[in-house]
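Excluded from the calculations below are hydrogen atoms, water molecules and symmetry mates; all remaining heavy atoms, backbone and side chain alike, are included. Because the structure is predicted, anything quoted here is derived from the model rather than measured.
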Amino acid sequence: RWVLSLQCKGSRNLMSALRRAVEVDFKDKDKHKSQGLYLLTTGIPDQETHTISAYVAEVCRGFDLQLHVCLFSVMEDVDTKGIIPPRFANPTETAIAFKEIVQAANGRFHWFGEEGIFESDDITVLVSEMEKAKYYSQK
């Protein structure tokens with residue numbers, strides 16, 4: 001079930017978007033068996049990682065909810081149209097921050113860019129399963 005599309009309108013105020021999704025749109029959570037939030041993003045949130053991690057850990061437990069993140073790394077020379085985010089991090093630092101947030105929310109992390117897939121929890125699980133199958137078939 002797709003609940004809503006959140007836009008931060010030029011900012012990366014993830015806390016505000018999460019609060020709106022959880023406190024407004026998930027109020028009828030008992031009507032649904034499972035729910036998840038998917039965050040599609042290109043940069044680090046305005047708020048500190050530990051603040052968001054603590055919030056999602058608490059909320060996700062209370063709602064049996066998972067937060068999944070798809071991080072798209074854009075090229076460094078892309079024009080930002082003069083918008084400078086309150087926080088800046090390089091792509092690797094951004095990925096590390098979102099992995100921490102996703103772990104707190106029992107979700108999955110996917111990181112890709114124009115060059116391809118850099119990291120994906122789903123692909124990691126699939127590769128692990130294929131390696132197990134290969135190992136057992138050799139036995």
Do [X] and [Y] have side-chain heavy atoms sitting under 4.5 Å apart?
| X | Y | result |
| --- | --- | --- |
| V56 | L18 | yes |
| D122 | R108 | yes |
| H68 | V102 | no |
| L71 | T42 | no |

Rounded to the nearest 0.5 Å, how far does [atom2] of [Y] lie from [atom1] of [X]?
| X | Y | atom1 | atom2 | value |
| --- | --- | --- | --- | --- |
| I123 | I117 | CD1 | CD1 | 3.5 Å |
| D121 | H110 | CG | NE2 | 6.0 Å |
| T92 | E119 | OG1 | CD | 10.0 Å |
| T124 | E129 | OG1 | CD | 12.0 Å |
| E131 | L126 | CD | CG | 11.0 Å |
| S16 | Q47 | OG | CD | 8.0 Å |

Open item on the list: Can you confirm if the aromatic rings of F112 and F72 lie within a centre distance of less than 6.0 Å?
Closed with: yes
Task: Steps toward side chain to side chain contact (heavy atoms under 4.5 Å, CB included) verdict (L14, D46) - done: CA-CA 7 Å; L14 182 57; D46 290 346; over 6 Å; no
Minimum heavy-atom distance [X]-[Y], with the two atoms named:
| X | Y | value |
| --- | --- | --- |
| F118 | G113 | CE1-N, 3.6 Å |
| F98 | P45 | CZ-CD, 3.5 Å |
| S53 | A104 | O-CB, 3.4 Å |
| I44 | A97 | CD1-CB, 3.9 Å |
| Q66 | N106 | NE2-O, 3.1 Å |

Open item on the list: Could you check whether atom CD of E93 has more than 12 heavy atoms from other residues, nucleotides or ligands sitting under 6.0 Å from it?
Closed with: yes
TODO: Please go through V125's hydrophobic cluster and name the other residues, only I, L, V, M, F, W, Y counting, with side-chain heavy atoms under 4.5 Å joining them.
DONE: none
Task: Under the side chain to side chain donor-acceptor pair (under 3.5 Å) test, residues paired with E48 that sit two or more places apart - done: none
Open item on the list: Against the six-membered ring of Y55, is R19 placed for a cation-pi contact (under 6.0 Å from the centre, within 45° of the normal)?
Closed with: yes
Open item on the list: Is it the case that the side chains of W111 and S120 hold a donor-acceptor pair, with the cut-off being a distance below 3.5 Å and no angle test?
Closed with: no
